[in-house]
Number of protein chains: 4
Amino acid sequence: MPNKKVASSVKDQELIQLRRDQMIKGAVTLFIEKGFHRTTTREIAKASGFSIGTLYEYIRTKEDVLFLVVDSIYMRVKERMEALFDTETASISSLVDAVRSYFQLVDDMQDEVMVMYQEVKSLPKDAKEYVLQKEKGMVAMLERVIANSLPYTLSKEDVSLLANNIFVQGQMWSFRRWMLQKEFTLDTYIDRQVHYFLKSVQEVGNLQA
Amino acid sequence: MPNKKVASSVKDQELIQLRRDQMIKGAVTLFIEKGFHRTTTREIAKASGFSIGTLYEYIRTKEDVLFLVVDSIYMRVKERMEALFDTETASISSLVDAVRSYFQLVDDMQDEVMVMYQEVKSLPKDAKEYVLQKEKGMVAMLERVIANSLPYTLSKEDVSLLANNIFVQGQMWSFRRWMLQKEFTLDTYIDRQVHYFLKSVQEVGNLQA
Amino acid sequence: MPNKKVASSVKDQELIQLRRDQMIKGAVTLFIEKGFHRTTTREIAKASGFSIGTLYEYIRTKEDVLFLVVDSIYMRVKERMEALFDTETASISSLVDAVRSYFQLVDDMQDEVMVMYQEVKSLPKDAKEYVLQKEKGMVAMLERVIANSLPYTLSKEDVSLLANNIFVQGQMWSFRRWMLQKEFTLDTYIDRQVHYFLKSVQEVGNLQA
Amino acid sequence: MPNKKVASSVKDQELIQLRRDQMIKGAVTLFIEKGFHRTTTREIAKASGFSIGTLYEYIRTKEDVLFLVVDSIYMRVKERMEALFDTETASISSLVDAVRSYFQLVDDMQDEVMVMYQEVKSLPKDAKEYVLQKEKGMVAMLERVIANSLPYTLSKEDVSLLANNIFVQGQMWSFRRWMLQKEFTLDTYIDRQVHYFLKSVQEVGNLQA
DNA sequence: GATGAATGAGGCTTCATTCAT
DNA sequence: TATGAATGAAGCCTCATTCAT
């Protein structure tokens, strides 16, 4: 059950899971507050509710903590996206619903998105690649919804572009909050983004109908 | 001429400018390679071509270097944007030209955009605010072009939203290059983004005409 | 038990006491040899028998070491003074005994007195004030002995003056040793100082008796 | 004219004297404020009214500045003491006058006495010895006054002891000002010290007369 | 398994001194 | 002679990691 990419000297798998959950919970808050580099392992241990020695029983390096945190965020986001997107019905309106839900999700996990967004670069190369694969997977989900919901066929590239745009517009809500959240409420933001998104994917023929 | 927000013990203003230019040049490369936190002051000094002692004649703290770097990038981007956008003619095509140029600019300064993007958070609070003001200024330039170039009036919020979207779509080309630059060339990326942007701002009436 | 004015990241109070004792012991020697400013933290660590990292587990700054050293010296001096002075009997001869003992004590702790004497000025303001209070306490002890032992009443100021004189004459033995200890042995020094002290507090009437 | 113990690369003797006077004047203030170790050579140069480069034209090391300062203070104190003490008349009352004047002098040069007092230890060994010789000279002046003014003969050691006591009681007024200057005005301090001093050197026989 | 004291490499910064102009 | 930019050794302190209990 616990992430096998991170080695632990403890054997008991359930315990590993438990301790790592504590760890992730403690670390996220810290990473949000002060960033990965300015957070010390001692602070992480304390926020997790155990000693520095114990912390190192469940990870090998500080970067492991970051990896666990980022990975857990990705998992949670992905999980929720999957719940939103697995509609059978494929239509413009279901597409709109999915996009709206995605924006709501991002709003809900603003801080986590921020961490995911800013600290991935601090991961070691291999962990970074692993994480980017996950992100690809998430974009792919958006791609699928888009491709399936439009009444006409778009090129693979166009689908990818639109999916990336939506994906990043979601993230923007978080990382440009200092600007956007002064001008928009979540609802108006969603409303206008969806509005322009729809216009950009409307077929001319449809419009006239 | 040199940035007065950063104190220097050297008097000669021209020399300050010169040394700081060396410093910025050296530091950008390092920050791109390994990020601000993993770069040491000694590495910065070396990359700048002088001793650690000399480095500290021109700044007070390591964060000053980051500030100088980020500020210089903002200045260069802004300068180039100003050159692109001050067209008298205001029309859809001039808008498209501006957007295209902006994307080209971002491509040209990919690494710098990346730094600007990822390390601003490491600045001390006041420097961060100063920098965000600069970013606001850049978005405002886009807003002006958009508002002036469309043959109809958009709400202030819509203009802002579209400007932010364009701005971030430019940055995306840099910070999501691992994904986008595998699927698109710069030209096709610009082409498709502009395509969808145009669709999203086209008036229905115009379309039918 | 350990001094609470200096923060430590170690929890175990006994260990703190132990390590700080090592630290004080090592540091005193160094401070005597080369003074506070010319002593490095690494030298202190080495002289204490542990690593620089460990040193900083028990203090926050180099000045903390100085404070611990000075405070410990004051405590030791005060302790010994208390042992000497709490005689019930109050008479000229008990006063003389106390003064003699005090001079002997100062001789015994010459180096420590020297440090106490020369480095207090390097303490941060609040620590300095705390230490001066302690010194006041010590002078007050002398004042009490003087006031109680003389067969007539002196003004508060005169008592204070005499106490300060004695106190400083003790310290002199240490900080003017380059001069005094060439001309006097401890015994002759005590003898002559006591002699003149007695003359200065003798009542004329008594003399004639 | 300028102190030959400190080397200078400048030839012009008058200029050396001039610059060093500036230097001493600037440095004393700084040493009083923050002590020798916490004062930087750049601060000294600035307070002296010239550049760091110029500073080093007139001295070899930072310690040279301290030496010049201390030496100058000693010279000034000695000069004034000589002026006070070279009375022909030798009597108890002339002794008292001399002592009073000395206390007044010390009060007048409190800060300088403090520096002299606290920073001598920071001098290199040979400079320190030179300076201690000077101090011996000053004590010797007091010894002479004492020996000549009393109507009976004291042992060499007793004279020395009394001279040292007076000398240090003067310095005390400066270095224990935090305590003494709360309880005494200069006049009352002098008054009481002289009072007790007189008692301690009065001959019993004289008293009865 | 849990603890937390111990370690020391390494980071940032200062500052006495030099030297070309 | 005067200047002040350049230098780099050296200082203080932090913190990821280990390991004995």
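Heavy-atom basis, side chains included; hydrogens, waters and symmetry copies ignored. Nothing here was measured: the structure is a model prediction, and the numbers come from that model.
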A.B. asks: Where each residue is assigned the nucleotide of DNA chain E containing its nearest heavy atom, which of A/D12 and D/R60 is assigned the position nearer the 5′ end?
C.D. replies: A/D12
A.B. asks: Rounding to an integer number of Å, can you tell me how far A/K46 NZ sits from E/dT3 P?
C.D. replies: 14 Å
A.B. asks: Can you tell me how far P of E/dT13 sits from CD of B/E57, to the nearest Å?
C.D. replies: 14 Å
A.B. asks: Going by modelled atom types, is there a donor-acceptor pair between the base of E/dG10 and the side chain of C/R42 at under 3.5 Å?
C.D. replies: yes
A.B. asks: In whole Å, I'd like the distance from the CD atom of D/Q17 to the C1' atom of F/dT1.
C.D. replies: 18 Å
A.B. asks: Give a yes or no on whether the ring-centroid distance for A/Y117 and B/F175 is below 6.0 angstrom.
C.D. replies: yes
A.B. asks: State which of E/dT13, E/dG8, E/dA5 makes the closest approach to the side chain of C/V10.
C.D. replies: E/dA5
A.B. asks: Using a 4.5 Å cut-off on heavy atoms from C-beta on, say whether the side chain of B/E33 contacts that of B/R38.
C.D. replies: no
A.B. asks: If you check every side-chain atom of C/I52, which of F/dT14, E/dA5, F/dT1 has the closest atom?
C.D. replies: F/dT14
A.B. asks: Measure CZ/C/F36 against C1'/F/dC12 and give the value in whole Å, please.
C.D. replies: 11 Å
A.B. asks: Any strand is fair game: report the nucleotide pairing with E/dC15 by Watson-Crick or G-U wobble, both distances under 3.5 Å, or none.
C.D. replies: F/dG8
A.B. asks: From F/dA10, F/dT3, E/dA5, pick the nucleotide closest to the side chain of C/K11?
C.D. replies: E/dA5
A.B. asks: Under 3.5 Å, is there a donor-acceptor pair between the side chain of B/Q13 and the main chain of B/K11?
C.D. replies: yes
A.B. asks: What's the shortest heavy-atom distance between A/S122 and A/H37, and which atoms?
C.D. replies: OG-CE1, 3.3 Å
A.B. asks: Students often get this wrong, so: under 4.0 angstrom with heavy atoms, is A/R19 touching a base, only sugar-phosphate, or nothing?
C.D. replies: sugar-phosphate
A.B. asks: Nearest-Å distance, CD (C/Q22) to P (E/dA6)?
C.D. replies: 9 Å
A.B. asks: Between B/T61 and D/I59, who's closer to the 5' end of DNA chain E by nearest nucleotide?
C.D. replies: B/T61
A.B. asks: Atom CD of A/E63 to atom C1' of F/dT17: distance rounded to whole Å?
C.D. replies: 13 Å
A.B. asks: In this structure, how many angstroms lie between the C1' atom of F/dT1 and the CE atom of D/M23, rounded?
C.D. replies: 13 Å
A.B. asks: Find which nucleotide of DNA chain F each of D/S9 and B/L55 is nearest to by heavy atoms, and output the residue with the more 5' nucleotide.
C.D. replies: D/S9
A.B. asks: Mind checking if B/T54 touches a base, just sugar-phosphate, or nothing, with heavy atoms under 4.0 Å?
C.D. replies: base
A.B. asks: Base, sugar-phosphate, or nothing: which does D/S8 touch, judged by heavy atoms less than 4.0 Å apart?
C.D. replies: nothing
A.B. asks: Among the candidates E/dA16, F/dG11, E/dT7, find the nucleotide nearest to the side-chain atoms of D/T41.
C.D. replies: E/dA16
A.B. asks: Which of these nucleotides, E/dA2, F/dG8, E/dG8, is closest to any side-chain atom of A/Y58?
C.D. replies: E/dA2
A.B. asks: Please name the residue in the list C/K134, C/R20, C/R76 that meets the salt bridge (Lys or Arg N to Asp or Glu O under 4.0 Å) test with C/D71.
C.D. replies: C/K134
A.B. asks: In this structure, how many angstroms lie between the P atom of E/dA6 and the OH atom of A/Y56, rounded?
C.D. replies: 18 Å
A.B. asks: Whom does F/dT21 pair with, Watson-Crick or G-U wobble, provided both distances fall under 3.5 Å?
C.D. replies: E/dA2
A.B. asks: Examine B/K62 relative to B/F36 and say whether NZ or CZ is less than 6.0 Å from the centre of the six-membered ring and inside a 45° cone about the ring axis.
C.D. replies: yes
A.B. asks: What nucleotide among E/dT7, F/dT17, F/dC15 has an atom nearest to a side-chain atom of C/F50?
C.D. replies: E/dT7
